[in-house]
Structures are given as C-alpha cells and as structure tokens.
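Order of appearance sets the numbers: ligands from 1, and atoms from 1 within every ligand.
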Amino acid sequence: MTLAVDQLSLGAIATNCYIVRLNDDADEAVVVDPGANAVGIQLALDRVGASCVAILLTHSHYDHIGALAELAEATGAPVWLPEGELDVVRRPNDFFGALGVSIRGYEGASTLLAGAETIEAAGIVFAVTPVPGHSPGHLAYYADGCLFSGDVLFAGSVGRTDLPFGSWEQLLESIRALADSYPPETRVYSGHGPPTTLGQELASNPFLAELRA
Ligand SMILES: [Zn+2]
C-alpha cells in the first residue's frame, strides 16, 4: 500500500498543506493543515478527483489554520485537532493579531485529540502522536510509512521554540520519541519545505546532534 500524497505550499510563509489519499485511485481525501487559500485546496482536490472527508490539524499556528473554517464549511468534513489548542483555533486573532494576522476562527464541531489515538478517515488509519515543543498541543500523524510532522521536524531544520509556549527540551524529546517509534525510512512530510526521511534527519540534521551523541 502506498499513500498518494499531494503537497500544496500555501500562504505568505509557504506552509505545506497535504492532500492524502489511500492510493492514486481513491476518491476520498484527508486534508492536513489547510493553512490558506481554501479555493486553491478545493481546486487541488478537484484535480485529483477526490472529495475532502476529513481535516486534520497538526497545531494551531495561524499559517496552518487560515483556511480551516472555510474548507470545513464548504466540504462539511469533520475536523480533528489537538485538544490543547482549541482556544487558538476558535479565536486565532486574540493570539496572532499582534503579528498583523487576521484570519477566521473555526467555531464548528471538532474531535479533540490528545495523542495516542488511532483514527480512520478516507480508508487510512492514522496513529496520532503528541509532539510538543514547537507548540504545546502539537500532534503528528503517522500512516503507512508517512509521518505528517507539522512544524516539529524539517529537512535540515527543526521547528522554532522561541514562540509563546515553545520549549526546546520538549521538542528534542518529541523528535527522540518519533525516532524510537518509527523506522528510519519513514517519509516525513513537514509543515514547511520539502519531504525528507527520519533517518536522513537523524543522520545529518545539524539541530539533532544531541540525538546522535
Ligand atoms: Zn507552527
């Protein structure tokens, strides 16, 4: 089984949104992190011939949730999000307004995740893992050799921890736990930049030298 993963780079800081299907023929898709441009996401869904049957959030930073309300309303898809970050999802401008950000909060129904759950959508079974550090409720989603890591781990970098509620120690522990849980060939689909693998980052990511010690 090989998931079909389409990557969209959206918004002012090129945040990755993923359209994930069980395979290339599947007509149902999960959308991970609809960060901006709901219309563009729907055009991409049309292009692959799939409808959105679930929306997953890795965390609540504005660049990952900017199109959530619009996409959820347009598709009627259920929303799964980190339980620790619901307030931010509902009232993002209270948290990010000082950055000049103005986006719509999402007040609709959602299923709250703490991590350690297993969820199924579009025929895909995702293992949910808590990965705090970049943001306190941050989650990663793993399915079929693919890890949707949000802003925890990037190709050659890691998520910043200087934002409110960030913690470098927690971030490093989260990445260590991912490395202990999943094989090196695990494909990492990050919140920014190109895909990589866990093994590649553990071997050469300059921020992870402590994990190699
Ligand atoms: Zn972030």
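Note: His192 and His64 meet the aromatic proximity criterion, with ring centroids under 6.0 Å apart.
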Arg104 vs Tyr106, test: side chain to side chain donor-acceptor pair (under 3.5 Å). Steps then yes/no. CA-CA 7 Å; Arg104 272 186 66 194; Tyr106 174 68; over 6 Å; no
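Near-neighbour remark for the Zn ion (ligand 1): protein N, O or S atoms under 2.8 Å are His59 NE2, His61 ND1, His134 NE2, Asp151 OD2; waters not counted.
For the 3.5 Å distance criterion, the side chains of Glu201 and Thr196 qualify, holding a donor opposite an acceptor.
A donor-acceptor pair is defined here as one N or O able to donate and one able to accept, closer than 3.5 Å; no such pair exists between the side chain of Arg21 and the backbone of Leu3.
Side-chain contact between Val30 and Phe126 is present, with heavy atoms from C-beta onward closer than 4.5 Å.
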List the atom pairs, donor and acceptor, that lie under 3.5 Å between side-chain atoms in residues 37-52 and the rest of the protein, sequence neighbours left out.
residue	atom	partner	partner atom	Å
Asn37	OD1	Gly40	N	2.7

